[in-house]
Amino acid sequence: MKRLSTGITGIDEIIEGGYPKGRTLLILGATGSGKTILGVSFIQQACSEGRKSMIIATEELPEDILVQSQ
């Protein structure tokens, strides 16, 4: 199965080369555990490679996500 880099070397190593291409990735965790920052990092890597990505955040305002992304 082809895998895509998360852009974070340590995570890629743990999950055996990245996340599976063509699959949906769900990130769960407690408030403040870094889920949004991790997701934004994944999206930044995908965009830098010309791939399309999406983040669905049900408990954060879009403005807050933009602030965390800077």
Side-chain angles (χ1 to χ4, degrees):
M1 174 182 300
K2 180 160 174 63
R3 293 186 168 270
L4 302 172
S5 174
T6 64
I8 305 170
T9 305
I11 291 178
D12 286 348
E13 290 172 2
I14 291 169
I15 59 175
E16 301 176 0
Y19 56 92
K21 182 178 180 177
R23 301 290 175 99
T24 300
L25 186 64
L26 176 64
I27 302 170
L28 301 171
T31 302
S33 62
K35 300 176 300 292
T36 300
I37 293 170
L38 185 64
V40 168
S41 295
F42 288 7
I43 288 174
Q44 189 279 327
Q45 178 67 24
C47 289
S48 73
E49 296 174 1
R51 294 183 282 118
K52 295 179 182 179
S53 295
M54 177 188 315
I55 188 167
I56 300 171
T58 60
E59 296 182 8
E60 284 193 75
L61 296 171
E63 296 81 13
D64 293 338
I65 294 171
L66 291 172
V67 167
Q68 292 180 57
S69 301
Q70 298 176 358

Check the hydrophobic clustering (I, L, V, M, F, W, Y; side-chain heavy atoms under 4.5 Å; chains of links allowed) and say if [X] and [Y] are grouped together.
X     : Y     : result
Val67 : Ile55 : no
Ile43 : Ile65 : yes
Phe42 : Ile15 : yes
Leu66 : Val40 : no

Legend entry - For Arg51, all residues meeting salt bridge (Lys or Arg N to Asp or Glu O under 4.0 Å), sequence neighbours excluded: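 For Arg51 the salt bridge (Lys or Arg N to Asp or Glu O under 4.0 Å) partners, ignoring immediate neighbours, are Glu49.
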Legend entry - Validation row: Leu28, Leu26 side chains within 4.5 angstrom (heavy atoms):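 Leu28 vs Leu26: side chains touch.
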Inset, instruction - Taking the side chain as every heavy atom from C-beta outward, state whether Gln44 and Ser48 have any pair of such atoms under 4.5 Å apart. - result: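 Yes, close enough: below the 4.5 Å cut-off.
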Legend entry - Ile56, CD1: over 12 other non-hydrogen atoms inside 6.0 angstrom: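 No, CD1 of Ile56 has 12 or fewer neighbouring heavy atoms, counting only those of other groups under 6.0 Å.
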Inset, instruction - Supply the atom-to-atom distance Leu38 CG to Ile11 CD1, rounded to the nearest 0.5 angstrom. - result: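 Here the interatomic distance stands at 4.5 Å.
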Legend entry - Spatial distance of atom CG (Leu4) from atom CZ (Arg23) [nearest 0.5 Å]: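 So the gap between those two atoms works out to 11.5 Å.
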Distance-minimising heavy-atom pair for [X] and [Y]:
X    : Y     : answer
Gly7 : Gln45 : CA-OE1, 3.4 Å
Ser5 : Tyr19 : O-CE2, 3.8 Å
Ile8 : Ser41 : CD1-CB, 4.0 Å

Legend entry - Donor-acceptor under 3.5 Å (Lys35 side chain, Ile27 main chain):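 Such a contact is absent between Lys35 side chain and Ile27 backbone.
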